[in-house]
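Convention: sequence-line order gives letters A, B, ...; per-chain numbering from 1. Note that these values count all heavy atoms, side chains included, but never hydrogens, waters or copies made by symmetry.
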Amino acid sequence: MRRTRLFLPTLKETPAEAQVVSHRLMLRAGLVRQSAAGIYTWLPTGLRVLRKIAQIVREEQDRAGAQEVLMPTIQPAELWRGSGRFEDYGKEMLRITDRHDRELLYGPTAEEVITDIVANEITSYRDLPKNLYNIQWKFRDEVRPRFGVMRGREFLMKDNYSFDLDKAGAVHSYNKMFLAYLRTYARMGLQAIPMAADTGPIGGDLSHEFIILAETGESSVFCDKALLALDAPGDDIDYDVNLQDLVDQWTHYYAATDERHDQANCDVANDQLVTARGIEVGHIFYFGTKYSEPLGATVQGSGGQKITLEMGSYGIGVSRLVGAIIEASHDDNGIIWPESVAPWTVGLINLKVSDADCTATCERIYAELKAAGVATIYDDRDERAGGKFADMDLVGIPWQLTVGPRGLKDRKIEVKKRAGGEKSEVTIDALGDWIAARAAL
RNA sequence: CGGGAAGUAGCUCAGCCUGGUAGAGCACUACGUUCGGGACGUAGGGGCCGGAGGUUCGAAUCCUCUCUUCCCGACCA
């Protein structure tokens with residue numbers, strides 16, 4: 001995309017409303033604009049990041065056998081009365097009344113909707129197990145939204161729901177998601193640590209939060225240093241075999257958020273204990289028949305008996321991840337996107353638009369990048385060099401190609417890597433290979 | 001939901017105490033000089049001073065109410 005055509009309103013100064021670094025950078029880098037407290041418009045660049053994150057989530061859900069659906073944002077109150085949560089959920093739930101005085105709500109989660117579907121459509125044990133997910137906007141009327149998109153009222157969340165015949169099956173479904181989550185975060189360049197968690201309003205008796213470490217995290221976390229050295233499962237993972245040993249590799253180490261941390265029960269040696277701040281980017285639950293029972297989600301078993309489904313639910317805060325990744329990856333100059341979620345892989349800087357050779361060279365490189373399918377932002381503005389460099393760093397483009405008259409005398413352009421800032425020179429003739437390498441990503 | 005702060009140009013802010021024709025920097029437009037890490041000059045455009053009442057000859061400024069936003073705490077994907 002040409003910078004002269006792209007809608008990318010970057011800011012030199014930080015709006016007063018933003019306090020935490022990811023919020024400031026998201027506003028300055030032109031990713032989002034606030035519409036109301038905790039409610040944001042996603043501008044083109046921010047939307048690209050949001051979609052890339054959602055796509056990684058989607059691919060890992062699909063790989064683990066989940067199937068995508070799309071549930072409504074507006075849900076009928078009667079469904080929530082069925083589970084008893086219409087009254088229980090409190091003021092966080094945004095309640096709406098339509099013209100017929102029918103009570104509706106903007107979904108904060110979707111257990112009721114999906115369980116209702118499954119209860120109506122799945123009637124035989126032969127149709128199980130099933131795991132259904134959707135990536136949809138949710139709304140929770142937080143008393144105090146803050147930290148930009150990390151604690152918004154409206155947020156994009158992947159939520160999925162597993163349905164099994166028995167507890168063993170449900171635990172297997174839980175384990176699949178546990179490992180799929182590790183893979184999902186790893187692909188975004190994040191080290192997410194699973195921590196035993198309270199189940200909160202969702203309910204249940206088995207639950208893990210996935211926490212990434214960042215200085216600006218919302219809560220204190222404590223964990224065994226060994227967890228930081230573990231690698232997420234690779235592409236060769238087979239989700240159909242028993243996964244318990246693999247999961248246990250992660251869960252047998254001590255890891256707790258401050259609300260669960262108990263110094264007395266923590267047997268980790270002091271020099272082995274990591275004490276840090278954490279951001280919750282996912283939460284998984286096994287909760288048995290908590291929703292299937294009241295909502296009548298049953299099937300007939302092979303012997304004709306009625307079986308109440310065993311359920312779990314699993315959430316990933318997709319929009320929150322945009323902020324979380326920035327919290328984990330930035331410097332004084334701006335965002336440092338991991339390549340897998342970067343809005344553009346390459347930033348091409350034309351240092352002198354008025355120079356015919358310079359512009360012709362840029363156009364040629366830009367065409368090559370486009371042909372190779374490399375997502376490129378081409379800064380073709382008639383601006384001063386400093387502003388272009390600063391913008392590329394602010395927006396966090398992983399690779400920056402600088403084309404200027406000085407380098408062109410030797411047929412060279414400068415390649416800069418945003419992470420680390422290393423610069424090198426590449427001849428124009430050798431650039432084709434460099435582009436091919438980027439295209440392979 | 002308790003406690004605190006702030007709403008003046010697109011952004012950052014001054015002016016308010018002590019009432020008297022709306023300001024600066026950045027951004028934007030034009031021209032000129034510059035031009036490899038957020039240049040400089042000149043000339044411009046842009047504000048119902050969050051909203052509603054009140055006091056006053058006169059309100060951005062004083063008073064009352066209200067809306068919005070942010071911060072700390074309690075709460076949370």
K.L.:
Does A:Glu59 come within less than 4.0 Å of A:Arg187, counting only side-chain N to carboxylate O?
P.N.:
yes
K.L.:
Would one find a side-chain N or O of A:Gln19 under 4.0 angstrom from OP1 or OP2 of B:C72?
P.N.:
no
K.L.:
Rounded to whole angstrom units, what separation is found between the CG atom of A:Leu27 and the P atom of B:U12?
P.N.:
10 Å
K.L.:
Find the distance A:Phe389:CZ to B:G38:C1' and express it as a whole number of Å.
P.N.:
12 Å
K.L.:
With a 3.5 angstrom cut-off on both distances, give the Watson-Crick or G-U wobble partner of B:G2, or none if there isn't one.
P.N.:
B:C72
K.L.:
Partner lookup for B:A59, please. Criteria are Watson-Crick or G-U wobble with both distances under 3.5 angstrom; report none if nothing qualifies.
P.N.:
none
K.L.:
Could you tell me how far B:C49 sits from B:U21 if I compare only their C1' atoms? Round to whole Å.
P.N.:
14 Å
K.L.:
Between atom CZ in A:Arg151 and atom P in B:C70, what is the gap in whole Å?
P.N.:
12 Å
K.L.:
Taking only the side-chain heavy atoms of A:Glu92 (C-beta and beyond), determine which of B:C76, B:C26, B:U34 contains the nearest atom.
P.N.:
B:C76
K.L.:
For A:Thr41 and A:Ser35, does a side-chain donor sit closer than 3.5 Å to a side-chain acceptor?
P.N.:
yes
K.L.:
OP1 or OP2 of B:C1 less than 4.0 angstrom from a side-chain nitrogen or oxygen of A:Lys91, does that happen here?
P.N.:
yes
K.L.:
Kindly point out which of B:C71, B:C70, B:U34 is positioned nearest to the side chain of A:Glu17?
P.N.:
B:C70
K.L.:
Take atom C1' in B:C1 and the same atom in B:G19, then report the distance between them in whole Å.
P.N.:
39 Å
K.L.:
To the side chain of A:Asp393, which of B:G38, B:C76, B:G37 is closest?
P.N.:
B:G37
K.L.:
The side chain of A:Glu414 lies closest to which of these nucleotides: B:C72, B:G37, B:U69?
P.N.:
B:G37
K.L.:
In whole angstrom, what separates A:Asp141's CG from B:C75's P?
P.N.:
18 Å
K.L.:
Please figure out whether A:Gly315 or A:Leu394 has its closest RNA chain B nucleotide nearer the 5' end.
P.N.:
A:Leu394
K.L.:
In Watson-Crick or G-U wobble terms, both distances under 3.5 Å, what is the partner of B:G32?
P.N.:
B:C40
K.L.:
Can you check the A:Glu142 CD to B:C1 C1' distance for me, whole Å?
P.N.:
13 Å
K.L.:
One thing to verify: whether A:Arg153 and A:Asp141 come together as a salt bridge, which I'm taking to mean a side-chain N less than 4.0 angstrom from a carboxylate O.
P.N.:
yes
K.L.:
Side chain of A:Ala385: nearest nucleotide among B:C35, B:G36, B:G73?
P.N.:
B:G36
K.L.:
Just compare B:G38, B:C76, B:A74 and give me whichever is closest to any side-chain atom of A:Lys12.
P.N.:
B:G38
K.L.:
Mind calculating the distance between CG (A:Asp382) and P (B:G36) to the nearest angstrom?
P.N.:
13 Å
K.L.:
For nucleotides B:A74 and B:U61, find the distance between their P atoms and express it as a whole number of Å.
P.N.:
38 Å
K.L.:
Measure from the side-chain heavy atoms of A:Arg146 and tell me the nearest of B:C71, B:U12, B:G38.
P.N.:
B:C71
K.L.:
A:Pro108 near the nucleic acid: base, sugar-phosphate alone, or nothing, with a heavy-atom cut-off under 4.0 Å?
P.N.:
nothing
K.L.:
Check whether any side-chain N or O of A:Arg418 sits under 3.5 Å from a backbone N or O of A:Asp393 as a donor-acceptor pair, and report yes or no.
P.N.:
yes
K.L.:
Hunt down the Watson-Crick or G-U wobble partner of B:G19, both distances under 3.5 Å, from any strand shown, or write none.
P.N.:
none
K.L.:
Rounded to whole angstrom, note down the P distance from B:G54 over to B:A60.
P.N.:
15 Å
K.L.:
Work out how far the C1' atom of B:C57 is from that of B:A43, and round it to whole angstrom.
P.N.:
39 Å
K.L.:
Output yes when A:Glu60 and A:Arg63 qualify as a salt bridge under the 4.0 Å nitrogen-oxygen rule, no when they do not.
P.N.:
yes
K.L.:
Considering only side-chain heavy atoms of A:Ala37, which listed nucleotide, B:U12, B:C70, B:G38, is closest?
P.N.:
B:C70
K.L.:
For atom P, what is the distance between B:C65 and B:C48, given to the nearest Å?
P.N.:
27 Å
K.L.:
Begin from the C-alpha positions of A:Met157 and A:Arg140 and carry the test side-chain contact (heavy atoms from CB on, under 4.5 Å) through to its verdict.
P.N.:
CA-CA 12 Å; A:Met157 182 168 111; A:Arg140 292 183 193 171; 4.2 Å; yes
K.L.:
Distance only, no hydrogens: is a donor on one side chain within 3.5 Å (strictly under) of an acceptor on the other, for A:Tyr314 and A:Ser162?
P.N.:
yes
K.L.:
Counting only side-chain N and O atoms of A:Arg384, is one of them less than 4.0 Å from OP1 or OP2 of B:G38?
P.N.:
no
K.L.:
Taking a pair as Watson-Crick or G-U wobble with both distances under 3.5 Å, which nucleotide is matched to B:C49?
P.N.:
none
K.L.:
For atom P, what is the distance between B:G2 and B:U66, given to the nearest Å?
P.N.:
14 Å
K.L.:
Let's see if you can work this out: which of B:U69, B:U12, B:C76 has an atom nearest to the side-chain heavy atoms of A:Glu13?
P.N.:
B:U12
K.L.:
Applying side-chain contact (heavy atoms from CB on, under 4.5 Å) between A:Tyr378 and each of A:Lys370, A:Arg5, A:Arg2, report the one that passes.
P.N.:
A:Arg2
K.L.:
Between B:C35 and A:Arg406, counting only base atoms on the nucleotide and side-chain atoms on the residue, is there a donor-acceptor pair under 3.5 Å?
P.N.:
no
K.L.:
Say we look at B:U56 and B:C63: how far apart would their C1' atoms be, to the nearest angstrom?
P.N.:
12 Å
K.L.:
Applying a 3.5 Å limit to both distances, which nucleotide forms a Watson-Crick or G-U wobble pair with B:A24?
P.N.:
B:U12
K.L.:
Whole angstrom is fine here: how far is it from CD in A:Gln400 over to P in B:G36?
P.N.:
17 Å
K.L.:
Which one, B:C72, B:C35, B:C76, comes nearest to the side chain of A:Arg144?
P.N.:
B:C72
K.L.:
Identify whether any heavy atom of A:Lys158 sits under 4.0 Å from a base atom; if not, whether one sits that close to sugar-phosphate; answer base, sugar-phosphate or nothing.
P.N.:
nothing
